[in-house]
Amino acid sequence: MYKVKGYRDGYYAFVQVKFAFLNRLIPGIITVPPDSIIMDLTIKIGIPSRLSRGNYHLYKNEKLLEGPVTSSYIYFTGGQGGLPGFGGTFIFEPELGVSYRINIPAAELKRS
């Protein structure tokens, strides 16, 4: 995980999560940009909190794949008097028969 940032606005939290993989070097030819995943999430805060909207941008092998994110579990606390806590399990399917499941441990969400 490269970076998690976001903020709370009333009953919603807006979160961006970035994952980046190391650059791959093809000897004597070129440096290939890193593969990465960016998830933009909108969380409806309540009991329980739930994913209101989620999208991913997957840069893989120099291709861009985009689509919706679903969540089977979201952790969100605080954010009114201090920094909120955020975590959860997120799933997306960029290609038929291929799915990603990302588990983000609960941690303090830094303000963007």
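Tracing side-chain contacts under 4.5 Å through hydrophobic residues (I, L, V, M, F, W, Y), one reaches Tyr12 starting from Tyr7; they form part of the same cluster. Phe14 is connected to Tyr11 through a chain of hydrophobic side-chain contacts under 4.5 Å among Ile, Leu, Val, Met, Phe, Trp and Tyr, so both are in one cluster. No path of Ile, Leu, Val, Met, Phe, Trp and Tyr side chains, each step under 4.5 Å between heavy atoms, connects Val69 with Tyr75, placing them in separate hydrophobic clusters.
Between atom NZ of residue Lys60 and atom OH of residue Tyr100 there is a gap of 3.5 Å, rounded to the nearest 0.5 Å. Atom CZ of Phe90 and atom CG of Leu41 lie 5.0 Å apart (nearest 0.5 Å). One distance of note links CG of Leu64 with OG of Ser36; it measures 9.0 Å at 0.5 Å rounding. Rounding to the nearest 0.5 Å places CG of Leu58 at 5.5 Å from CD1 of Ile37. With rounding to the nearest 0.5 angstrom, the CD atom of Gln16 is 8.5 Å from the NZ atom of Lys3.
Residues passing the side-chain contact (heavy atoms from CB on, under 4.5 Å) test with Asn55, sequence neighbours excluded: Arg53. For the side-chain contact (heavy atoms from CB on, under 4.5 Å) test, residues two or more places apart in sequence or in another chain that qualify with Thr70 are Ile91.
Nearest approach of Pro94 to Tyr56, heavy atoms of both residues: CA-OH, 3.0 Å.
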What pairs of donor and acceptor atoms, side-chain ones from residues 44-52 against any protein atom, are under 3.5 angstrom apart with sequence neighbours left out?
from: Ser49; atom 1: OG; to: Gly46; atom 2: N; distance (Å): 3.4
from: Ser49; atom 1: OG; to: Gly46; atom 2: O; distance (Å): 3.3

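Without hydrogens or angle criteria, Ser99 side chain to Phe92 main chain gives no donor-acceptor distance under 3.5 Å.
Counting heavy atoms from C-beta outward, Asp35 and Phe19 have side chains that stay 4.5 Å or more apart. In this structure, Asp40 and His57 have side chains that are in contact, with non-hydrogen atoms separated by less than 4.5 Å.
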